[in-house]
Amino acid sequence: MRDLIKIEYLTNAEIEGLMSLAQEYKNGKKSNFSNHHCALMFFENSTRTMFSFECALNKLGAYSYIFDNAKSSILKGEEIFDTINNLCAIGISTFITRTAKEGFIDELKKLEFYKPINFINAGEGKSSHPTQALLDYFTMKEKLKDVKNKKIVIVGDIKHSRVAKSNIKLLSKMGANLVLCAPKYFTEEIDGAEYVPNLNEALLGADVVMCLRIQKERLNEEVSIQDYIKNYQINSVNMPKDAILMHPGPVNRDVEISNELINSKYGRTILNQAENGVYVRMAVLDSVFKGDEA
Ligand code: CP
């Protein structure tokens with residue numbers, strides 16, 4: 001694997017291979033990739049994904065460099081291609097990027113750089129966040145063994161969520177029964193999943209309830225948060241007792257999930273997701289580094 005761009009570019013066998021490798025890292029596998037130099041280029045805010053990648057790079061013995069856009073020469077008018085090409089000449093070979101621009105890495109892959117380089121998508125526009133979907137799948141497998149025919153209910157701002165899009169791609173490949181639950185203003189037609197707008201109906205028999213944050217930074221229209229809370233918040237009354245509660249983070253407490261529910265035993269899985277993210281990203285980096293050396 002030379003790059004990780006989108007879930008849809010991976011075969012089921014490649015996804016399962018990453019899961020096995022992530023499990024090996026979780027079990028204590030050690031590697032040394034001290035000949036790899038990686039830039040973390042985040043043009044949108046991040047806490048989990050950036051620290052998780054940096055932690056994974058440190059554990060693998062690779063070098064990480066945080067690109068600070070506000071202090072960079074992009075603000076002097078340098079084009080992103082020239083920035084990356086110069087960093088490539090300096091010795092960076094892997095670029096972990098987060099941008100608002102759809103197709104950012106696909107566009108860069110058409111260009112010729114000074115030396116061969118690898119890209120890893122750490123979140124792109126409203127459409128893809130592949131490492132989040134991989135770590136969510138890893139966490140589901142840890143809890144449920146298999147997602148085939150399991151009912152996974154994704155609740156919230158589907159329309160603006162790249163996490164939802166990558167998860168739907170991955171989980172439908174793996175045979176999960178996907179139900180999307182959202183008000184009209186957060187609905188977008190997506191292949192491979194069924195919409196059930198009524199929350200109580202959607203939650204019936206759920207194995208996993210995955211909540212999404214309202215992506216205020218991507219909203220063009222006015223949305224009533226109070227209306228959302230009233231009709232779509234997951235709380236200790238409507239949470240199916242035997243299901244797993246998931247959320248990619250950041251959580252807005254008392255909006256998509258009640259504070260009480262997050263503070264209960266159900267909230268721990270959200271931290272399991274963050275923990276597993278490091279092992280999954282170690283597996284992704286290992287595969288990209290080995291693909292680079294092949
Ligand atoms: N889940 C996720 O992408 O979180 P961050 O935005 O904090 O990286």
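Order of listing sets the numbers, starting from 1, for every ligand and every atom in it. FYI, side chains are in, hydrogens and waters are out, and symmetry mates aren't considered; it's all heavy atoms of this structure.
Here the side chains of K59 and Y25 are not in contact, with every heavy-atom distance at 4.5 Å or above.
With hydrogens and angles disregarded, a donor-acceptor distance shorter than 3.5 Å links the side chain of N238 to the backbone of Q233. Between the side chain of S264 and the backbone N or O of L261 there is at least one donor-acceptor pair closer than 3.5 Å.
Side-chain contact annotation: Q273 with D136, donor-acceptor N/O pair under 3.5 Å present.
Protein heavy atom at the shortest distance from atom 6 (O) of ligand 1 is R98 NH1, 2.9 Å. Of all protein heavy atoms, the one lying nearest to atom 4 (O) of ligand 1 is R48 NE, 3.1 Å.
Residue T47 has at least one heavy-atom neighbour below 4.0 Å for each of these atoms of ligand 1: 5 (P), 7 (O), 8 (O). Remark: ligand 1 atoms within the under-4.0 Å shell around heavy atoms of T49 are 2 (C), 3 (O), 4 (O), 5 (P), 8 (O). Numbered from 1 in the order shown, with element, the atoms of ligand 1 that lie under 4.0 Å from a heavy atom of Q132 read 1 (N), 2 (C).
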Show me, pair by pair, the donor-acceptor contacts under 3.5 angstrom made by side chains of residues 176-190, not counting sequence neighbours?
residue, atom, partner, partner atom, Å
Y185, OH, D227, OD2, 2.8
T187, OG1, P183, O, 2.9

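Backbone and side-chain nitrogen or oxygen atoms of G249 are examined, and one is located within less than 3.5 angstrom of a nitrogen or oxygen of ligand 1. At least one N or O atom of P248 sits closer than 3.5 Å to an N or O atom of ligand 1.
To the nearest 0.5 Å, the span separating CG on D3 from CG on D106 amounts to 9.5 Å.
Ligand 1 is never approached by E44 to a heavy-atom distance shorter than 4.0 Å.
No more than 12 heavy atoms of other residues, nucleotides or ligands sit less than 6.0 Å from atom OH of Y63.
No part of H247 comes within 4.0 Å of ligand 1, judged by heavy-atom distances.
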